[in-house]
Q: 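Got a structure here, written out as structure tokens. Questions coming.
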Amino acid sequence: MSEPARPRLVFLGLPRTGKSTFLGAFWALVQSPVEPAVRETRFGGDRSYVQKLADQVARGDALDRTALDASEELAVEVDFEVGGVADLLIPDTSGESLRVLAEQRIWYPNLLDACTQATAILMFVHPDRLRVPQRIAVASGGGEPAPAAEPERSPEHVDFHPPEAVSFKAHEHTSTAAELIDVFENLSELWSDRRPIRIGVVVSAWDRVGGEPKPTPYAWLGARLPGTLATLESNRDVADFEVFGVSAQGGSLEDRDQLLAKGEICDRVFAEDRDGLRVSLVEPIRWAIWGS
Amino acid sequence: MRVADQFLFGYDDGHRLLTGSRELAPATAVALLAATDAAMADGAAPLVTGLALAESSEYAFCVTWSAAESPRPGAVWAHALIVAQADLYDAHALEVLIGLPRRPAAGGIYLGDYRAALPLDAVTPAAPRYLPAGALDLELLERLALAAYDPGADTIVTHDEITDGATALLALWRAQWPSLRTAFSFRTRHVVRQGAAGFDLTVTRKVRGQVGEGTPATPRAPAPWLAGVVEDAAAVGAQPTPLRDFLWTFGPLEPRDPRRVAALATLWRSIVARDAAGARTQLEREWPTPQSGAELKAVLFAPENDDWWVLSEPAR
């Protein structure tokens with residue numbers, strides 16, 4: 001019998017992008033007897049944290065946020081229907097730790113450790129929580145009508161030395177795409193000696209994405225985060241990447257009764273691959289371990 | 001005039017610094033962000049954190065509360081106070097600092113309350129609002145002293161009553177000689193993971209990754225030096241013990257390492273027992289070079305101090 005793979009995955013994403021929810025749903029599927037895509041092969045160890053997440057997902061509860069110092073993880077040996085046995089380790093990283101990297105340009109120690117040891121990354125984005133790029137004139141308040149005394153200035157003009165200090169906190173205006181590209185560059189540097197790395201973009205709350213026809217996850221990424229997609233496309237020597245849409249709750253927590261009426265976790269959660277084809281919710285993790 | 005700079009952390013699309021009395025260097029801001037954040041259930045007992053900020057020669061004392069009023073489960077409030085390390089040398093300033101942390105009111109928060117530095121002088125220390133008044137748990141204090149000071153001990157102590165843990169931790173911290181106090185980082189938490197480092201002492205309800213999670217570790221056999229250290233820590237506010245005088249005299253000459261407390265407290269036992277041979281043996285073992293513990297050796301064994309010891313005839 002061959003040795004199991006020993007993947008070390010890291011879920012990256014800003015706060016409230018669905019990382020813990022996905023981890024809880026994944027663990028619920030691992031334990032579900034009706035989910036054929038994955039099963040647990042070695043029992044034992046401390047599962048209390050991921051079990052709590054899975055229970056919260058099952059009840060349709062909003063999950064507790066992951067504290068910066070939480071140091072929680074999923075450590076389990078599982079057998080994927082397509083792929084094989086993997087001794088899997090996934091630390092539950094806090095969204096704030098990624099924010100520290102994006103905004104303060106400081107690696108939070110726990111995140112640095114996890115990323116240094118990681119064999120692949122799943123990067124989470126929430127479709128309702130994107131910050132789109134703004135013109136600096138708008139972001140700094142310069143978009144308001146210019147004073148009458150200076151009619152020649154365009155609405156986009158911003159004084160380099162305004163008479164009064166302009167309150168501007170970069171972190172309140174940085175676009176999601178810029179933050180993700182910055183994270184990609186940091187990862188690229190961190191893994192410069194073992195490229196290409198594997199990065200999966202996971203669009204969470206995929207049930208909330210509409211449109212007629214509904215876009216594929218790849219098309220959605222191209223439309224909403226074109227800079228991120230372009231960066232990934234043009235750096236294939238650095239990272240092999242995929243895009244997934246996942247609904248790890250199977251619907252909105254705002255209508256919990258309707259959500260729970262859909263049935264058990266395995267009945268209501270779903271995922272789509274880059275082309276919009278339905279796949280098991282465990283597929284992003286399976287791909288992160290073994291690739292296509 | 002000595003002041004404590006204050007900083008309020010809370011939930012704003014993630015755990016963030018909401019306001020403060022001054023700007024923070026990025027590295028300090030990140031350190032505080034982590035030190036003030038913790039996994040807490042709604043209504044759980046507040047958590048205390050002491051964090052030595054070596055790079056800026058400052059010290060941060062923080063209290064974290066659950067924020068049940070926040071729409072995001074697991075959100076917390078935290079009030080962090082930063083003082084110059086030199087301010088911790090003053091017992092009055094220390095007591096004022098310990099009484100400063102306050103939780104934002106559940107009915108509405110006014111950030112302006114957290115934008116001015118707070119005086120440490122000419123104010124009466126307040127009783128900590130985050131700790132219920134209660135007796136010091138001496139058995140727990142002993143376990144904490146062992147964990148913090150014994151060179152072979154695990155620095156994580158499990159205990160169900162986290163507020164008792166905070167009370168005992170603060171007693172231990174107060175009793176330390178000032179330079180050790182400025183370098184001693186501690187925290188109470190509801191859950192930590194085994195092996196997580198960075199603090200000299202942690203009191204927690206649960207340790208993940210530990211066999212028998214959630215159950216207190218079996219206390220080790222008490223070390224002989226412990227009784228005096230516990231008695232001294234419990235006496236804070238009352239008359240200092242002779243051991244305190246000894247530790248505060250010679251502790252500052254030692255490296256800023258909590259484990260030196262055990263060495264000095266053991267030596268004190270020999271001094272009290274007038275056991276010159278025992279003292280000399282320990283000095284040879286723990287201060288082996290001529291430079292190490294030089295003042296201690298001179299004070300204990302200089303010719304003018306011969307009358308300290310009851311020496312046997314052969315030893316003379």
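Letters A, B, ... mirror the listed sequences (proteins, then strands); counts begin at 1. This structure is a prediction, so every number in the text was calculated from the model and none was measured.
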Q: What's the spacing between Lys206(B) NZ and Tyr49(A) OH if we round to 0.5 Å?
A: 13.5 Å

Q: Give me the atom names and distance for the closest heavy-atom approach of Asp12(B) to Arg99(A).
A: O-NH1, 4.2 Å

Q: Go through the steps to decide whether Glu103(A) and Arg16(B) satisfy the test side chain to side chain contact (heavy atoms under 4.5 Å, CB included), and finish with yes or no.
A: CA-CA 12 Å; Glu103(A) 294 180 0; Arg16(B) 278 188 186 277; 3.4 Å; yes

Q: Please give me the minimum heavy-atom distance between His15(B) and Glu96(A), naming the atom from each residue.
A: N-OE2, 2.6 Å

Q: Verify the neighbour count for atom CZ of Arg224(A): are there more than 12 heavy atoms of other residues, nucleotides or ligands below 6.0 Å?
A: no

Q: Between the side chain of Asp37(B) and the main-chain N/O of Leu68(A), is any donor-acceptor distance below 3.5 Å?
A: yes

Q: Is Leu14(A) in contact with chain B via its backbone, its side chain, both, or neither, using a 4.5 Å heavy-atom distance?
A: neither

Q: Can you tell which part of Arg105(A) gets under 4.5 Å to a heavy atom of chain B, answering side chain, backbone, both or neither?
A: neither

Q: Are the charged groups of Arg131(A) and Asp13(B) less than 4.0 angstrom apart, N to O?
A: no

Q: If you compare all heavy atoms of Pro26(B) against all heavy atoms of Gln104(A), which two are closest, and at what distance to 0.1 Å?
A: CB-OE1, 3.7 Å

Q: For the side chain of Arg65(A) and the backbone of Ala75(B), is there at least one donor-acceptor N/O pair under 3.5 Å apart?
A: no

Q: Should we count CD of Gln51(A) as having more than 12 external heavy atoms under 6.0 Å?
A: yes

Q: In Å and rounded to the nearest 0.5 Å, what is the CZ to CG distance from Arg193(B) to Asp69(A)?
A: 12.0 Å

Q: Please name the pair of heavy atoms, one in Ala67(A) and one in Ala39(B), separated by the smallest distance, quoted to 0.1 Å.
A: CB-N, 3.5 Å

Q: Given Arg72(B) and Asp64(A), is the side chain to side chain contact (heavy atoms under 4.5 Å, CB included) satisfied, shown in steps?
A: CA-CA 7 Å; Arg72(B) 183 78 199 272; Asp64(A) 289 356; over 6 Å; no

